[in-house]
Amino acid sequence: MKKKWWHEAVVYEIYPRSFKDSNADGIGDIKGLISKLDYLKELGINTIWVCPFYDSPMHDNGYDVSNFFEIAGDYGTLDDMKCLIKELDRRDMKIIADLVLNHTSDEHSWFVESRSSLDNPKRDYYIWKDGKGDDTPPTNWEGFFGGPTWVKGKTTNQWYMKLFTDKMPDLNWESQAMKNELYEMIKWWIDLGVDGFRVDAVAHLGKHQEFNDGEVHEGNKYSRAYHNYSTLPVLDKYIRELCKEAFHGTDVMTVGEAGSGASVRDAHLYSDGTDDKFSMLFTFDHCWMDSDSGDHRVPGKWNTRNEMKVKRFQDVCKSWYDGMYGTAWNTLYWSNHDQPRVVSHYGNDGEYRVVSAKMLATTLYLLWGTPYIYNGEEIGMTNIEMGLEEYDDPEVFTFHKEAIEAGVPEETVMHMIKNVARDNARTPMQWNDSPNAGFTKGKPWLKVNDNYKEINVESQLEDPHSIFTHYKKVLNFRHNKYKDLIVYGKVNFLTIGDESVMAYTREDDHKKIMVISNFFEKEQTRSFDLVGKNVILSNYNDSKFDLTSITLRAYESIVIEL
Ligand code: GLC
Ligand code: CA
């Protein structure tokens, strides 16, 4: 495969609302972000992905776009954005924008027009259908944030489709005029200097055009018939056209968010190593591996157990590697703005927070693919405990309401929210131990985690044993001595079937290394013949091994040069 700049990218995802506030209104902004670019450079980041910064009523914190050509007032101005691009350039860094093509805000002018009458020229920019009766939606499908996927329009008697919140109507990808406007918009951002795009919710662009009812699980009100609007074959056509119209002939990189339902069998629908598809995709197989179908009254992900399933994780890593190596490209990520904090989720956010966070970083980011590090992960930020009224995310409130209505006890519902809510990842970045963790001089839009005095950037920057310093070392493998090996080398998974330890090798024509990690507190002994080899990275400060048999301490992880 031809080498591309994004093969060597190390991406850092920024949730702009929570990153750094420059004007004391309690909301992160572009000027604040610019003030932290040197910090990111120091960490070893060469590309940033900024979550949506477009004009928006902020019902879903910017994923509800009301104007693609303007910057959200909360975040700054178009001039600030140009300045950010210039400042990135100066540091030899790139920027990936979030591209929301599945829906807009209901305050977008397209929707205001579309909803106004049956014969408005923009009517078919969105999906309008007759209900099955005055109060019965066109289908019984359930949306991602609970409740039906339809809302009855106010001006006409029809219903519009929405997979997320009522304020986020889905765009109709069967409308050529609508798509042409999107393509023009994307080219406008490329001209402005954006280097790539993360394409939001792309798995859902295609809807089953027959709009039939789906099966309803006993005890549920609506059908979780995701196959009606996830990973449909028509995406092949949509993605090819999008790439041809907007990206061909550019050096832009694209990463599609291939949400629920996309398995490795579908990978090439999204990304196949050619310019006709995305550069890579985000898969979700490894995100909820600790949840089970447990309580059918709530959607799967809320049934999480906060315990890593190591065997399953290794199977997932191997199957995506086997499916993509040599034919496409992979992504590596533990967390993002939709997931709980990884150290709470798959590590240990108590006694072993530091070692377990380091172990997770070593294990994942030395695999094959482009890493995406989520802001705060590099200092081991944790989940937060809050009262219901302190949450912000609309998903929390619809989930809470529906789970209670379905008969789940309040205490269980709150426990699920504490473990899974997306706001866990959205609390303000913890910069130092001054009030509000140095995020803002005003009142933060979302509660700052009480542990900021202990967990913050400033205390870790110079500490040779901090999580931050460990991330630097891991990323350094990708930039210096081991660059070709880590970026392009082959992976061999050695412990498939193991429930606690994961080991793999990376290999190219010149070098070979082995990574061995214990995912739990309990000690684990495994035998490998490594006599005479060198440990080149460890997450403990004293790593001495008898390399005939290795006893890994709690969450211990080592890298050995072979
Ligand atoms: C994606 C985003 C998520 C958002 C949703 C709707 O899954 O990552 O944050 O709520 O799409 O845009
Ligand atoms: Ca601000």
Side-chain angles (χ1 to χ4, degrees), residues 13-36 49-54 56-66 71-77 80 96-106 108 143-146 149 162-171 197-205 226 229-230 255-262 281-284 287-288 301 331 333 335-340 372 374 392-399 420-426 428-429 436 438-446:
E13 182 194 350
I14 292 168
Y15 201 65
R17 205 169 189 77
S18 305
F19 196 57
K20 176 68 187 162
D21 176 22
S22 72
N23 62 350
D25 65 354
I27 300 172
D29 44 55
I30 298 172
K31 284 206 171 93
L33 199 176
I34 294 173
S35 73
K36 295 298 181 187
W49 151 26
V50 188
C51 290
F53 42 66
Y54 314 99
S56 161
M58 295 290 168
H59 184 60
D60 191 22
N61 289 342
Y63 282 96
D64 48 328
V65 179
S66 54
I71 301 295
D74 283 348
Y75 298 159
T77 63
D80 293 337
I96 296 174
D98 219 308
L99 202 52
V100 192
L101 306 180
N102 179 69
H103 45 267
T104 67
S105 162
D106 65 343
H108 193 291
F144 289 114
F145 296 163
T149 56
K162 56 94 194 172
L163 291 181
F164 296 93
T165 79
D166 292 5
K167 284 184 64 58
M168 297 157 80
D170 278 53
L171 287 163
F197 298 95
R198 177 256 189 193
V199 193
D200 184 68
V202 71
H204 314 303
L205 299 185
Y226 301 137
Y229 48 79
S230 301
V255 49
E257 188 203 18
S260 53
L281 71 155
F282 285 132
T283 67
F284 286 76
C287 290
W288 303 111
K301 77 168 188 179
T331 57
Y333 75 97
S335 38
N336 61 34
H337 62 286
D338 295 330
Q339 307 285 328
Y372 290 76
Y374 180 65
D392 169 82
D393 183 1
E395 185 191 29
V396 165
F397 302 106
T398 33
F399 167 69
V420 176
R422 306 191 300 176
D423 282 337
N424 281 307
R426 300 175 179 184
M429 181 75 183
N436 297 320
F439 162 70
T440 180
K441 294 213 157 60
K443 185 177 177 308
W445 73 277
L446 184 66

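Since this is a predicted model, take the numbers as computed values, not measurements. Numbering of ligands and ligand atoms starts at 1, following listing order.
- Within the structure, the closest approach of Phe145 to ligand 1 falls below 4.0 Å when heavy atoms are considered.
- Neither the backbone nor the side chain of His204 comes within 4.0 Å of ligand 1, counting heavy atoms alone.
- Each of the atoms 1 (C), 7 (O), 8 (O) of ligand 1 lies under 4.0 Å from some heavy atom of Glu257.
- A salt bridge links Asp393 with Arg422: the closest approach of a Lys/Arg side-chain nitrogen to an acidic carboxylate oxygen falls below 4.0 angstrom.
- A donor-acceptor contact under 3.5 angstrom links the side chains of Tyr15 and Asn61, judged on distance only.
- Checked options Leu99, Asp98, Asp338; the residue passing with Glu257 is Asp338 (criterion: side-chain contact (heavy atoms from CB on, under 4.5 Å)).
- If you look at His59 next to ligand 1, there are no close heavy atoms at all, none under 4.0 Å.
- The two atoms that bring Met58 and Ala72 nearest to each other are CE-CB, 3.5 Å, heavy atoms only.
- Not a single N/O/S atom of Ser22, whether from backbone or side chain, sits less than 3.0 Å from the Ca ion (ligand 2).
- Closest approach between the Ca ion (ligand 2) and any N/O/S atom of Asp21 involves OD1.
- Residue pairs meeting the side chain to side chain donor-acceptor pair (under 3.5 Å) criterion with at least one member in residues 22-32, sequence neighbours excluded: Ser22-Asp29.
- Listed by atom number, the atoms of ligand 1 under 4.0 Å from His103 heavy atoms are 6 (C), 12 (O).
- Side-chain contact, Tyr63 with His337: a donor N or O sits under 3.5 Å from an acceptor N or O.
- The closest side-chain donor-acceptor pair between His204 and Ser230 falls under 3.5 angstrom.
- Neither the backbone nor the side chain of Phe282 has a heavy atom within less than 4.0 Å of ligand 1.
- Residues Trp49 and Val255 fail the side-chain proximity criterion, which asks for heavy atoms closer than 4.5 Å.
- When each atom of ligand 1 is checked for a heavy atom of Arg198 under 4.0 Å away, the hits are 2 (C), 8 (O).
- Side-chain N or O atoms of Asn436 include one that pairs as donor or acceptor with a backbone N or O of Gly442 at under 3.5 Å.
- Of all protein heavy atoms, the one lying nearest to atom 5 (C) of ligand 1 is Phe164 CE2, 3.7 Å.
- The N, O or S atom of Asp29 with the smallest distance to the Ca ion (ligand 2) is OD2.
- Ligand 1 places these atoms under 4.0 Å from at least one heavy atom of Arg426: 9 (O).
- Those atoms of ligand 1 with a heavy atom of Asp60 less than 4.0 angstrom away are 4 (C), 6 (C), 10 (O).
- Heavy atoms of Arg422 found under 4.0 angstrom from ligand 1 belong exclusively to the side chain.
- Here is the list of ligand 1 atoms found below 4.0 Å of a heavy atom in His337: 2 (C), 3 (C), 8 (O), 9 (O).
- Side-chain atoms of Ile27 and Tyr75, non-hydrogen and from C-beta on, do get closer than 4.5 Å to each other.
- Using a cut-off of 3.0 Å, one finds that Gly26 contributes no N/O/S atom close to the Ca ion (ligand 2).
- Among the heteroatoms counted here (N, O or S) of Asp25, OD1 is the one nearest to the Ca ion (ligand 2).
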